[in-house]
Undergrad: 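Please read through the structure below; I'll follow up with questions.
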Amino acid sequence: MPEKNVELFSFKFSVYARIARIVLLEKGIAFETQEINPFAEDAPASYLDIHPFMRVPAIRHDDFTLYETSAITTYLDEAFEGPSLQPETPAERARMRQVMAIIDSYGYWPLVRKVFSERVFSPAFGEETDKAILSEGLEESAPVLAALEKLLSDKGYIAAASYSLADAHIIPMIDYFLMAPEGAVLFKNYPKLVRWWDRVKERQSTISTRPHLPT
Ligand SMILES: N[C@@H](CCC(=O)N[C@@H](CS)C(=O)NCC(=O)O)C(=O)O
């Protein structure tokens, strides 16, 4: 069974890189981090050999490199020992993958790039909030949260009675969304999601991976 030699290409504010970090911690996998800012104009061109779309995260495990977060987290879960992060039944595994796809396809842009970026990230770096983008983001986030509320398992975690890759996948985006006061107000409309968040917000892997924004 493979042990160490895992390198994570990560950016400290990235929600996707945080998903990979959470899974590495949940599995207890030792890893080293290489910090890459994919948004920087001077991002190293050599990184394109690892990720041709210049995004984070990517991993290198011995001589195997991989990008795309869901592929990375599934690989880490299957290639390493530690608690399984994929539920037992086909229906629960399908639900897990469905939630991951929903947040990627419909959630990331409104929750993170519109609400969090405009309301929290930009002001932290001295830029003004674009209120039109913020309100568009809140409007577009509501159906995503409603869909998650409807799909959430009654057993305690997103897809099953145990923590899975789906929980790890949505924690960073919900965490950022809740840092926006308007996001936190909207979130209260979804009682199952609120209960789920109360359960996962104090988890060690959630706390220790939370980015520190300038104040
Ligand atoms: N589909 C990719 C998305 C990764 C992604 O968008 N990462 C963001 C950071 S959270 C990024 O690198 N953005 C750089 C850019 O948009 O230029 C995955 O699942 O890994």
Side-chain angles (χ1 to χ4, degrees), residues 6-27 29 31 33-61 64-79 85-86 93 96-122 124-125 127 130 133-134 136-137 140-141 144 148 158-159 164-180 183 205-206 208-214:
V6 174
E7 216 174 337
L8 174 70
F9 299 86
S10 183
F11 174 52
K12 59 186 172 183
F13 298 123
S14 159
V15 284
Y16 279 105
R18 187 176 173 199
I19 297 167
R21 290 209 313 280
I22 288 175
V23 168
L24 285 158
L25 293 174
E26 289 286 342
K27 294 292 287 184
I29 302 169
F31 66 102
T33 303
Q34 282 231 26
E35 191 71 5
I36 299 279
N37 180 353
F39 298 97
E41 279 175 16
D42 61 352
S46 58
Y47 181 61
L48 288 169
D49 285 344
I50 291 165
H51 199 316
F53 303 102
M54 194 50 99
R55 302 280 170 104
V56 289
I59 59 160
R60 180 157 45 211
H61 177 215
F64 178 60
T65 60
L66 187 64
Y67 60 88
E68 286 305 307
T69 306
S70 300
I72 291 172
T73 57
T74 307
Y75 173 75
L76 293 172
D77 190 44
E78 293 176 359
L85 298 178
Q86 298 180 72
R93 281 201 299 280
M96 174 191 79
R97 290 190 196 104
Q98 182 188 20
V99 166
M100 290 160 76
I102 288 171
I103 203 84
D104 286 348
S105 305
Y106 317 113
Y108 171 64
W109 207 262
L111 272 75
V112 177
R113 297 298 290 272
K114 290 189 175 174
V115 174
F116 167 76
S117 292
E118 285 302 327
R119 184 65 172 87
V120 181
F121 195 78
S122 294
F125 288 90
E127 284 169 34
D130 183 325
I133 298 180
L134 170 62
E136 207 174 80
E140 291 166 6
S141 295
V144 179
L148 295 176
I158 292 290
S164 77
L165 298 180
D167 297 272
H169 211 88
I170 78 169
I171 282 171
M173 301 201 202
I174 298 293
D175 204 5
Y176 266 178
F177 183 74
L178 291 174
M179 289 180 198
S205 64
T206 305
S208 66
T209 57
R210 183 168 289 136
H212 298 289
L213 295 167

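Each ligand, and each atom within it, is numbered from 1 in the order the structure gives. Given the structure is predicted, the values throughout are model-derived calculations rather than measurements.
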Undergrad: Who pairs with E140 by side chain to side chain contact (heavy atoms under 4.5 Å, CB included), at least two apart in sequence or on another chain?
TA: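 Testing E140 for side chain to side chain contact (heavy atoms under 4.5 Å, CB included), a comparison that skips the adjacent residues, returns P110, K114, E136.
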Undergrad: Restricting to side chain to side chain contact (heavy atoms under 4.5 Å, CB included), what partner residues turn up for T33, sequence neighbours left out?
TA: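 Partners of T33 under the side chain to side chain contact (heavy atoms under 4.5 Å, CB included) test: S10, F31, E35.
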Undergrad: Can you list everything that forms a side chain to side chain contact (heavy atoms under 4.5 Å, CB included) with S105? Sequence neighbours excluded, please.
TA: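 S105 satisfies side chain to side chain contact (heavy atoms under 4.5 Å, CB included) with no residue once adjacent residues are dropped.
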Undergrad: Which residue is it: W109, F177, Y176? I am looking for the one with a ring-ring contact (aromatic ring centres under 6.0 Å, His included) to F116.
TA: Y176
Undergrad: Students often mix this up, so state it plainly: with edges at 30° and 60°, are the rings of F125 and F121 parallel, tilted or perpendicular?
TA: tilted
Undergrad: When the ring planes of Y47 and H51 are compared, do they come out parallel, tilted or perpendicular, using 30° and 60° as the limits?
TA: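 If you compare the ring of Y47 with that of H51, the planes turn out tilted.
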Undergrad: Does ligand 1 have any N/O atom under 3.5 Å from a protein N/O, and what are those pairs and their distances?
TA:
unit_1: ligand 1; atom_1: 1 (N); unit_2: E68; atom_2: OE1; d: 2.8
unit_1: ligand 1; atom_1: 1 (N); unit_2: E68; atom_2: OE2; d: 3.4
unit_1: ligand 1; atom_1: 6 (O); unit_2: R55; atom_2: NH1; d: 3.2
unit_1: ligand 1; atom_1: 7 (N); unit_2: V56; atom_2: O; d: 2.9
unit_1: ligand 1; atom_1: 12 (O); unit_2: V56; atom_2: N; d: 2.9
unit_1: ligand 1; atom_1: 16 (O); unit_2: R55; atom_2: NE; d: 3.4
unit_1: ligand 1; atom_1: 19 (O); unit_2: E68; atom_2: OE1; d: 3.4
unit_1: ligand 1; atom_1: 19 (O); unit_2: T69; atom_2: N; d: 3.2
unit_1: ligand 1; atom_1: 19 (O); unit_2: T69; atom_2: OG1; d: 3.2
unit_1: ligand 1; atom_1: 20 (O); unit_2: T69; atom_2: N; d: 3.0
unit_1: ligand 1; atom_1: 20 (O); unit_2: T69; atom_2: OG1; d: 2.7

